[in-house]
Amino acid sequence: MSSVLQPLHRALGLTDAELDDIRQVLSREPNPLELALYGVMWSEHCSYKSSRIHLRRLPSKGDHVLVGPGEGAGVIDAGDGIGVAIRIESHNHPSAIEPYQGAATGVGGILRDVFSMGARPLAVMDPLFFGALDDARNRWLVEGVVSGISGYGNSVGVPTIGGELTFDECYSANPLVNVLAVGALPTDRLALGVASGVGNYAVLLGSSTGRDGIGGVSVLASAGFAGDDGAASLDDAKRPSVQVGDPYEEKRLIEACLELLDHGFVVGIQDLGGAGLVCATSETAAKGGVGMDVDVSAVHQRELAMQPFEIMTSESQERMLAIITPENLKSVTDVCEKWEVRASVVGHVVSPTTLPDGTSVGMLRIRNGFDGEVLAEVPASSLAHDAPLYDRPRQRPSDLDAVRADDPTNDEPVGDAATDLLGLLLDPVWVYRQYDSQLFLNTVVGPGRDAALLRLAGPGLPESKRGIAISTDSNPRWCALDPKDGAALTVAESVANLACVGATAKAVVNCLNFGNPEHPEVMWQLSETVDGMVMGCNALGLPVIGGNVSLYNESGGRDIDPTPVIGLLGVIDSLVAPPPGWDWNDGDAVVLVGHREAAGATPFPLAGSRWATRRGRRGGHLAGFDATRLVSTFNFVTTEVALICGGASSDVSAVHDVSGGGLAAALAEMAAVTQRGVNVSQLEGHAELFAEFPGRFVVATSNAEAFVARALGAGVPVTILGTVGGTTVHLGGLVSINVAEIASRRGAALEEALALN
Amino acid sequence: MNYSVVVEVTLRVGIADPEGATIERALPALGFNGVRSVRAGKMFRFDIEAESSDEALTSAQSLAERLLSNPVIEDATARLVEGR
Amino acid sequence: MNYSVVVEVTLRVGIADPEGATIERALPALGFNGVRSVRAGKMFRFDIEAESSDEALTSAQSLAERLLSNPVIEDATARLVEGR
Amino acid sequence: MARIGVVVFPGSNCEYDAARAVEELGASAEFIFHSSTSLGDVDGVILPGGFAHGDYLRPGALARFSPVMDAVAAFAAEGGPVLGICNGFQVLTEAGLLPGALQKNRGLTFLCQPTTLVVSSTHSVLTRAAQVGARLVVPINHFSGAYTCDDTTYASLVDHGQIVLRYQDNPNGSRDDIAGVANEAGNVVGLMPHPERAMSTLLGSADGRVLLEGFVSAREIVH
Ligand SMILES: Nc1ncnc2c1ncn2[C@@H]1O[C@H](COP(=O)(O)OP(=O)(O)O)[C@@H](O)[C@H]1O
Ligand SMILES: [Mg+2]
């Protein structure tokens with residue numbers, strides 16, 4: 001590691017201007033510990049200082065929204081007295097250096113966000129993005145990440161029910177590992193991360209605190225508190241910043257916390273995530289408008305001779321902070337003992353301090369012993385809420401017009417469509433069969449279809465016959481070409497996936513994975529993406545109830561393509577029968593539901609499609625976003641499927657939305673899983689086969705006449721494509737492939753690419 | 001020549017070892033007292049073809065570091081042993 | 001006195017070792033040739049309180065056999081080592 | 001109404017699912033925490049799936065020392081019906097209540113997928129209501145499910161009809177496709193697949209019912 005001499009605040013990641021802000025807040029010079037607290041709390045990761053001004057534009061209101069952005073997780077009212085909590089987060093950079101632990105601790109972290117709301121975690125999803133698999137390191141990353149999610153998620157006892165799997169050079173060496181978690185709670189168990197009640201205790205629950213994840217702050221170790229030259233040497237080689245997950249500890253922590261909440265022993269509760277104890281104490285105090293005294297010597301430590309800054313900023317996993325009344329201390333420790341969870345009082349809630357100007361502010365005081373020396377004293381809200389906000393320069397990429405002009409839709413020659421189709425198919429089963437996707441007996445549709453569909457049931461929940469559906473979606477190829485329309489179309493694609501299982505979309509969470517925010521092009525992409533989400537969510541009536549931003553994702557010095565990941569939660573009122581799925585029957589008519597041609601100038605745009613990307617063609621114009629069309633089509637399909645799930649009989653036997661790989665891939669996937677061929681007569685050439693734009697569904701029906709009449713009655717256009725039957729997929733004279741070959745190529749593609757067979 | 005190798009892979013100092021810690025916590029209840037600082041690791045044995053024992057050790061050590069461990073969290077040491 | 005112990009747990013002869021076999025298969029593609037008979041095992045390090053080194057070794061061996069290994073498929077050996 | 005005890009180790013996670021399945025069959029389920037030294041008045045005991053004690057060391061290795069296991073052993077010795085599902089099977093082998101051991105899957109990955117089981121013997125509290133040769137679709141969900149034993153043990157399993165369930169297509173490298181085994185008396189059974197996950201066609205299969213139905217009503221027969 002290099003040894004660079006620079007002022008301490010800069011070594012801690014604070015700019016000169018930020019140091020001035022801190023002096024202003026304190027009306028004095030901060031000491032090194034205080035600087036470290038600001039350094040972690042005002043980091044991009046904790047404060048969202050580059051993105052916050054944009055995120056404010058997202059709609060977050062709705063009658064059914066119980067908790068919007070800003071808490072551990074967003075919560076909606078799903079009916080029957082049940083709230084559903086959802087949250088998504090990235091664990092990209094940790095996964096790049098230790099894929100197993102990086103992914104594992106990502107799962108652990110997102111679960112704590114969910115059960116900190118009082119919700120029992122019921123499901124995880126894992127959108128993953130890797131570089132090309134011809135590189136051995138990328139293959140190592142895939143295997144490590146997947147086994148990390150599997151190892152932690154299965155053991156902690158939360159099913160992983162879906163995700164995404166994208167390969168693109170732009171993620172080489174910088175994989176994206178996003179994790180989404182969903183939980184459910186009786187609405188009266190809702191808990192918030194707020195400290196209140198002067199005299200109350202802050203109790204640290206769970207693992208002991210080690211030097212894990214201290215990362216940037218470790219400069220203090222070499223700077224030394226005694227050093228008065230203001231300089232620090234960067235030498236973090238000796239301090240491992242890799243965190244190791246312990247799913248067994250987390251499992252006991254979940255049970256203990258939910259039991260504490262059930263008994264009403266807890267006033268407020270928050271997980272310890274990024275920035276560890278300083279974040280949890282300052283945020284809970286700031287939200288409650290109170291002060292907090294924290295005794296670092298009361299924190300259970302895993303290692304010898306830990307410094308106060310290490311204790312306060314450690315990111316050791318599997319820890320929670322509960323605010324309780326002193327009377328409940330015995331009951332709390334009893335529950336914790338049963339679950340073998342460590343509990344120590346590390347904080348006292350204290351009155352706000354009155355400042356000379358008469359205002360009052362809650363101070364976070366770090367002490368050595370509750371009556372001991374005060375090591376740091378800063379306004380809690382200045383750490384938690386007052387980080388500077390940056391409106392960083394934005395610049396539309398100068399080559400964007402040229403890129404868009406280079407449209408693959410008109411490429412000649414087009415080559416052999418059958419070969420192209422076989423090359424596009426990939427069944428991610430190798431990934432998801434490593435995940436327990438069935439625990440809790442709720443999984444009606446697990447991974448491998450359009451959206452996951454769960455019964456809304458779980459230990460401690462009121463009875464309900466409702467279900468919830470979840471999908472994660474992203475399309476960096478679209479967003480590279482047009483982040484605004486790309487993001488709006490991604491939201492639409494997510495709604496389409498939910499429609500396939502009959503669920504009505506209720507709320508969005510998002511994870512914005514972008515490059516370096518100091519590059520004006522990246523900030524432009526981020527801002528446009530947010531505008532696109534606003535457009536998509538408003539048009540489809542969806543609040544955004546949470547999210548996460550991951551910046552500085554670069555590979556070989558190049559920013560990744562803009563990668564907003566949409567997590568969508570929906571509800572179905574009656575779930576007593578499975579949705580049709582992809583299982584079409586011989587003799588069924590195959591109908592394309594929705595507008596056959598894309599909105600906009602190009603009827604079958606290949607821009608941003610998998611077909612084009614495979615040929616190295618990354619330019620062109622996307623389909624337009626036409627809200628009216630989308631809404632009527634989605635409503636129609638949702639209604640058709642919801643009736644089936646509610647127990648009604650129907651002529652509809654299969655439903656699949658047209659997404660990655662276009663119409664050709666949708667038909668081939670249905671043929672592969674059912675081992676039944678299809679004959680589609682007339683198609684508008686290869687462009688119609690491979691064009692990607694949401695708003696189209698392939699539906700198989702045993703009664704085409706009745707189905708078409710219902711669609712037209714709902715104002716939704718339909719096209720009869722052909723008939724199910726035989727052992728071959730025939731597509732308009734362009735493709736003729738045996739079903740068995742499709743199934744075996746699709747089934748083997750991933751393991752072959754991973755060189756596992 | 002054929003050399004027999006043992007590789008030990010242990011977590012680096014400072015890296016949490018939940019498995020070791022869990023075993024340690026369980027021991028008193030199982031009747032084992034006075035056991036502390038339990039660390040769990042992995043071990044591999046294999047035979048390697050090489051011209052000399054130095055060469056065998058060098059290849060084994062490289063294999064240990066590049067394949068059998070992740071240096072970010074683990075230390076790996078190879079040593080030659082008598083045939084099994 | 002405090003003694004440092006290493007316990008090695010290996011699969012018994014005749015028990016299939018899919019992990020060792022998988023590593024062995026992967027090696028040539030990674031540029032390691034001439035490696036054979038890869039067997040994967042586990043290793044534990046701990047400190048144990050005892051009156052004498054004999055007593056330490058006896059307790060450690062008993063711990064190794066009764067807890068750290070499953071005699072149906074594994075062999076375990078304890079040895080004393082110099083402090084870490 | 002039969003009363004079935006469901007043992008909860010720290011790290012167990014299928015206890016609610018097992019209880020729900022038992023209740024759906026008209027029996028009552030009671031959780032028995034691992035620190036308990038008695039089972040109370042139960043007609044059968046289930047050791048459910050999950051990761052008891054984190055599966056640290058080896059699946060089942062630490063759980064077998066939990067205080068409740070002495071009570072389970074005593075109950076089994078009296079002929080009480082004991083069922084270990086997945087992790088519960090691993091605990092029973094570690095505790096010596098069932099022969100053999102469960103090793104990592106052949107492919108060295110966790111596997112969650114449907115499997116087709118073939119009933120090989122009805123001489124057990126689990127398979128007593130099924131037909132020999134019947135094919136049942138029941139999911140597996142494990143990392144260490146490859147059944148292993150030495151030749152002498154294997155010969156004795158075969159001789160006494162203790163192999164109760166086999167996989168039609170071996171997913172994990174188990175010896176002789178073994179998915180479940182019983183003790184000689186047939187009152188202690190362990191299997192890697194999860195019959196409690198195959199209780200309803202809404203979730204994909206109802207083929208686990210015949211197994212669990214047999215189990216919850218076994219005590220009446222044994223007595
Ligand atoms: N990393 C993963 N983990 C779990 N399931 C996955 C993963 N990647 C893909 N899947 C599942 O495979 C199916 C296909 O994914 P995808 O092609 O993204 O679907 P769609 O085009 O309908 O959005 C989905 O059910 C998805 O949940
Ligand atoms: Mg889909």
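Order of the sequence lines sets the chain letters (A, B, ...), proteins ahead of strands, with each chain counted from 1. Computed over heavy atoms, backbone and side chain alike; hydrogens, waters and symmetry mates excluded. These numbers were taken from a predicted model, which means no experiment stands behind them.
Using a distance-only test at 3.5 Å, with no hydrogens or angles considered, no donor-acceptor pair links the side chain of B:Ser62 to the main chain of B:Thr58. A donor-acceptor pair under 3.5 Å is absent between the side-chain atoms of A:Ser155 and the main chain of A:Tyr152, judged by distance alone.
Remark: the A:Asn174 side chain and the A:Asn553 side chain contain an N/O donor-acceptor pair separated by less than 3.5 Å.
Look at A:Lys251 and A:Glu255 and you find a salt bridge, because one of the NZ, NE, NH1 or NH2 atoms lies within 4.0 Å of a carboxylate O, short of that distance.
Residue A:Gln243: no heavy atom, backbone or side chain, is found under 4.5 Å from chain B. Contact annotation for A:Tyr100: neither backbone nor side-chain heavy atoms come within less than 4.5 Å of a heavy atom of chain B. Residue contact with chain B, scored on non-hydrogen atoms closer than 4.5 Å, involves the side chain of A:Glu303 exclusively.
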